Amino acid sequence: MLKLLFVSITLLLTGCSDNEGSKNNSSTNTLTKEEMEIEAPVQVEWNDLVPAEYQSEKIVAKYKDQLDKFEAEDYSPEAEALYKKINDELNNAPINKTLDNKHISLPGFIAPLSQHNGLITEFLLVPYFGACIHVPPPPINQTVFVKVADNNGIKIDDSYGAFWVSGSILLDGKTTDIGAAGYHIKNAVIEPYDE
Amino acid sequence: MKLLKIALKSAWNRKASISLTMFSIAISILLLLGVDTIRKQAKDNFINTISQTDLIVGARTSPINLLLYSIFHIGNATNNISYPSYQKVTSLKQVKWSVPISLGDSHRGFRVMGTNSDYFHYYRYADTQSLQLQQGEVFKDVYDAVVGYDVAQALNYQIGHNIVLSHGIVATKAGEHADKPFRIVGILKKTNTPVDRTVLVSLQGIEAIHVDWQSGTRSALRISAKKARQMGLQSKSITAFMLGVENKITLFDLQRKINNFSDESLLAIMPGVTLATLWQTMGKFEKVLMAVSALVLLAGLIGLLTALLTTLNERRREMAVLRAVGAHAYHVIVLFVLEAILVVMGGVSLGIAILYAMQVIMQPIIAENYGVFLSIKMLDSEQLVILLAALLLAVIFSLIPGLIAYKRSLQDGLMVKI
């Protein structure tokens, strides 16, 4: 019993340290599969799902010279065209390959896809969801396809809340003509979101 | 054991009032369990009716309305969508499969649905179940029809029967498409979904029966069944279509694309999301219904308390005699508790019996009118908790008259002055 406690505490500690170092030395991760499963998940943010070189600041910086040419309230066709180009680049950003197979935990809202015995077992996880139809839906790199672990799931009555979803994130390898396929979490563990 | 006997005999002497109390508890239990059963079954039913379909597309309306008329056959379509739009949408790269649906006609009270043979291939219910034929085969000819299990049962149809479809969803002689009878070629196995109550024909079949109805009523220029077949009919419009995508990640994108389709106003819904919305709305009514039923049960139990309290005076001598022959003080209390338990148990048993009897009777009626299939099940753990709570509450309530009687039995003595 004591031994078990000790093991879990060490695991917890390593989990924490991993959390801090995850962004810098992600390539040195050499955990076996079993270790991955018991390792505490790394909390990530939606922004982490966008590759570093596609972060909005970087893209805006890239076009800084051109943007500076226009005044703040310039609605000329050239300015519009540039804004559109930048927006398209942001929206079509690919997925972050460094996340592959990481055990992560991500908060978000769900769009139910399939149900079993009154529990939602498959859903799309997105950073925001619901009534706002003024803007396009979240882009592909901000959408995660989730399959919950056995004996887990979300009651349909609760589906409007926010949840923490944790599990190993996989990158769907096949690249189709509709863009690189997105993120997957299989055997996900779901918890209600609380700060 | 002896106490139980005494309690039973005492209760037998007051059988009229006790059986009334029991009946009122039975009614309140029936109400509470009935509401709970129906809400759970309705939910199961709805959820089990459609699975593995990623989007349903139809004319622009409320998402819930589109889901209800296209899949559950509740209410009517607001509008059709053009066939070219259907072809255009389903030729998008993301779309893996699609099934068209054309509604609006009926056969003797059962809805007729025009579709193509992909429907049998892609439609899934209750997780992964696909439609199975009990007899016969899928329609091939323009005038072939496949009927759901309940249709065949209710109308006693066999393979080879000729049937006549009617215009609109209420059958009238004037609206019959009598010149173009359909032949039943297949009967589906039971699914416990609205499919059981549907007549399935090909889109060409739907087109053929309407070919001479172009002005809203039948035109004078009759086109015979044979000629209609030779015309090589192509659908001009359908009511809705279901589709599956290659990659679910692209669902939002595809949905947006369809909703912004410029040729025609279309609405694409994700069935899971819409069902959740529907349940969110229904959840509020459910809670109100459950609260009302719980209050009715409470009223029933207070009725029991009232009955026990009013008998206190009648039973003064009974209690005094019992004490005189050596009954303990707690025996008096136990007698009241036992009586309460007896009444509640009787009420609960009666309530459950009526509940199941009603389910058996109402099953076909509810299926016919609301498309919801009640499957008769054992009580679940939540319902057992409700029953236990009722019993516990009754025991607590019965302590009040028990304590009063115990106190009085000390003071009264054998000579009660009334």
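The sequence lines fix the lettering, A, B, ..., with proteins before strands; numbering per chain opens at 1. The model shown is predicted, which means the values in this text are computed figures rather than measured ones.
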Measure the [atom1]-[atom2] distance between [X] and [Y] for me, rounded to the nearest 0.5 Å.
| X | Y | atom1 | atom2 | result |
| --- | --- | --- | --- | --- |
| B:Asp44 | A:Gln115 | CG | CD | 10.5 Å |
| A:Lys155 | B:Lys43 | NZ | NZ | 7.5 Å |
| B:Ile47 | A:Ile156 | CD1 | CD1 | 3.0 Å |

Which bit of [X] is near chain A, if near means a heavy-atom gap under 4.5 Å: side chain, backbone, both or neither?
| X | value |
| --- | --- |
| B:Asp253 | backbone |
| B:Thr277 | both |
| B:Leu251 | side chain |

Contact origin within A:Val144 toward chain B - heavy atom pairs under 4.5 Å
backbone

Structural part of A:Ser114 lying under 4.5 Å from a heavy atom of chain B
neither

List the atom of B:Met270, the atom of A:Pro112, and the distance in Å for their closest heavy-atom pair.
CE-O, 4.4 Å

CA sep, side-chain torsions, deciding dist, call: A:Ile140, B:Phe252, side-chain contact (heavy atoms from CB on, under 4.5 Å)
CA-CA 9 Å; A:Ile140 282 173; B:Phe252 284 125; over 6 Å; no

